[in-house]
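Numbering of ligands and ligand atoms starts at 1, following listing order. If you read the sequence from its start, that first residue is 1, and numbering goes on from there. All values reported here derive from a predicted model rather than from experimental measurement.
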Amino acid sequence: VHMTTNSTLQMAEFDKEAAKNASTFAHDGFGNATLKRLFKKIVNIGFAATNDSEQLKAISNLEADLTGIYSKGKVCLESKGCLQLEPGLTDIITNSRSYEELLAVWKGWRDASGKLMRTKYTDFVKAMNAAIKFSGFNDTGEYWRSWYETPTFEQDVRTLFEELEPLYVELHAYVRKRLKEKYGKDMFPETGHIPAHLFGNMWAQQWSNIYDLLVPFPGASSVDITAKMKEQNYNVTHMYRVAEDFFMSIGMEKMTDAFWQNSMLVKPTDRDVVCHASAWDFYDENDFRIKQCTSVTEDQLLTVHHEMGHIVYYQNYKHLPRLFRRGANPGFHEGMADIVSLSFQTPEHMKVIGLLDEVPQDSDSDINFLLKMALDKVAFLPFGYLIDQWRWSVFRGDTNSSNYNQHWWDLRCRFQGISSPVKRTEEDFDPGAKYHIPGNTPYIRYFVSFVVQFQWHEALCREAGNTRPLHRCDIYNNTNAGNKLREMLRMGSSKPWQDAMEAITGQRTMSAKPLVNYFDPLLKWLKEQNKEENTGWSASCPSSIPTPSALAAGSANLFISITCFVLCVFFAFFQIR
Ligand code: BJ2
Ligand code: ZN
């Protein structure tokens, strides 16, 4: 979240003074654990600890420059004129099924964003690393990871990822098979990777926009929520009211008047803004805001719920001292932001709010639904995992401006099994095409979120007395589930996250099991579908990229073979005679 350089410097001054005052107390020896924790937070001031205010200025200015590049980026297409990321380019990536058009947008966005950030990003990393040393951290990645208060954090997320990988591999193989049918197998490298621009999403992070190409049982029920929303004349305000209604139904507070007055819910026409959706706590117990260039689509409706989930967390911990007004860890804030999505998207709930006419009861429709969910929740896992693998490596110095893009694609190929559809070089800077790199938002929080939200969903559904399978549970209107959730939210960051986890699930660790259980029926089905497939992909990126011209060469070869065959038959015939 960006502030002007002046206010950043003022905040740093304040933090420094507070830290100095707090350190006159022997707080390490405090008997009251909460007070001791609060003092720890007062003295731990991150970048503000530097003795060189030029470093802080540089960090702040560079972040503003980088997000500025991201928010101004435009791609000019012959057929459609010049478009920004939201809504123009996003619409094409979501809806186009033309290999060529998707490629133009995919490459165009990277040329218009990341590519212009290279030098500034290098300086940015340098400045942050220099400043964070004053707080006693070796590098910025180490500082970011410290928020999880778990010495084994890196190993823990790796283990979770490895437990989830088999599910991802089956989903990947199924999607690859169906995409080959759609785009032709000649467009796919032999290494098993899938070209990165075919997923209905600019970063291939969530794939549900291409559900129509992948429907397991076309004859059974599926919902096209975007179409239904348009049919029912949904408008932007209504989308926020629908989200608010869900939270209120489980006993949460309504949005404040200040929320409705101060939020930016539609894209202004008179200036460039950072359209990437976000939620804001102004720390006065009343002024909470969302900034989003909302359009009427299913993706956006889910994002509305996500951002409002952050606001509900803010509302529930507003009574705490400022430094405790945070998530139990950053992954918890994100988990809270997404928890409703698991109930909201069930056919049961879609029926309740009138976006589905009838709740299907057959197993084919159930697989359709689970696949749709997997395209968001399972497809995301390697993406959520790898972004900070890259950044940690950069902060550590293992990756630098001589191999930024190389390492980025190494990770994309290895973990996601996707590959670049055009040649990339160190002129490009593809990490910068994803908001959180210029925006400098750590990303492992989203991986943590996608794991813990299933743990919480399971616990809340138990609390609600749910008798249906986990993936069909909707906690709407259930205040028992809401109360349980609130127990955790109210704690903010005043206790270690393990305590917050225990409040809601009764357990003190992250676990991949609820996610695996949720998708169990789908996993069985996918394995059956993939019986004849070579699942998986090679660890490194393909060395050559199939292109439309290679395809043309391919058909030229076919032409020659057919001609030879015909001639052979012709001569053989005369021979026989
Ligand atoms: C759409 C969503 C972020 C979020 C924004 C931008 C960065 C931080 C905030 C914080 C909230 C807080 C987003 C959604 C899931 C995957 C990820 C993505 N925007 N942020 N101020 N998402 O998390 O809401 O609003 O209080 O910490 O980026 O890659 O799309
Ligand atoms: Zn979020």
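Residue contacts with ligand 1, taken as heavy atom pairs separated by less than 4.0 Å, involve Y314 solely via side-chain atoms from C-beta onward. With a 4.0 Å cut-off on non-hydrogen atoms, Y435 touches ligand 1 through its side chain and not its backbone.
The distance criterion of under 3.5 Å between nitrogen or oxygen atoms is not met by F380 with respect to ligand 1. The N/O atoms of H306, backbone and side chain alike, include one that comes under 3.5 Å of an N/O atom in ligand 1. In terms of polar-atom proximity, E307 is counted as a contact of ligand 1, with an N or O under 3.5 Å from an N or O of the ligand.
For the pair R289 and F282, the cation sits on the ring face: its NZ or CZ lies under 6.0 Å from the ring centre, inside 45° of the axis. For the pair K377 and F450, the cation-pi test (distance below 6.0 Å, angle within 45°) is passed. Judged by the 6.0 Å distance and 45° axis criteria, R145 is positioned over the aromatic ring of W392. Taking the ring axis of W260 as reference, the NZ or CZ atom of R241 stays within 45° of it and closer than 6.0 Å to the ring centre.
No donor-acceptor pair closer than 3.5 Å links the side chain of S393 to the backbone N or O of Q389. Remark: side-chain polar atoms of Q455 are paired, donor with acceptor, to backbone N or O of S511 under 3.5 angstrom. At distances below 3.5 Å, at least one donor-acceptor pair connects side-chain atoms of W390 with backbone N or O atoms of Y404.
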Problem - Full working for side-chain contact (heavy atoms from CB on, under 4.5 Å) between T140 and V125 - result: CA-CA 8 Å; T140 307; V125 170; over 6 Å; no
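The contact set between ligand 1 and E334, taken as ligand atoms under 4.0 Å from a residue heavy atom, comprises 23 (O). Contact atoms of ligand 1 toward K434: 18 (C), 29 (O), 30 (O) (distance under 4.0 Å to a heavy atom of the residue). Contact atoms of ligand 1 toward Q205: 18 (C), 29 (O), 30 (O) (distance under 4.0 Å to a heavy atom of the residue). Every atom of ligand 1 is numbered from 1 in the order shown, and the set under 4.0 Å from a heavy atom of Y443 is 16 (C), 17 (C), 18 (C), 29 (O). Of all atoms in ligand 1, listed by their number and element, those nearer than 4.0 Å to a heavy atom of T441 are 7 (C), 8 (C).
Distance check for H333 against the Zn ion (ligand 2): none of its N/O/S atoms falls below 2.8 Å.
At least one heavy atom of A277 lies less than 4.0 angstrom from ligand 1. Residue A279 places a heavy atom less than 4.0 Å from ligand 1. Within the structure, the closest approach of H436 to ligand 1 falls below 4.0 Å when heavy atoms are considered.
One finds an angle of 110° at the Zn ion (ligand 2) between NE2 on H310 and OE1 on E334, to the nearest 10 degrees.
Remark: the H306 side chain and the E334 side chain contain an N/O donor-acceptor pair separated by less than 3.5 Å.
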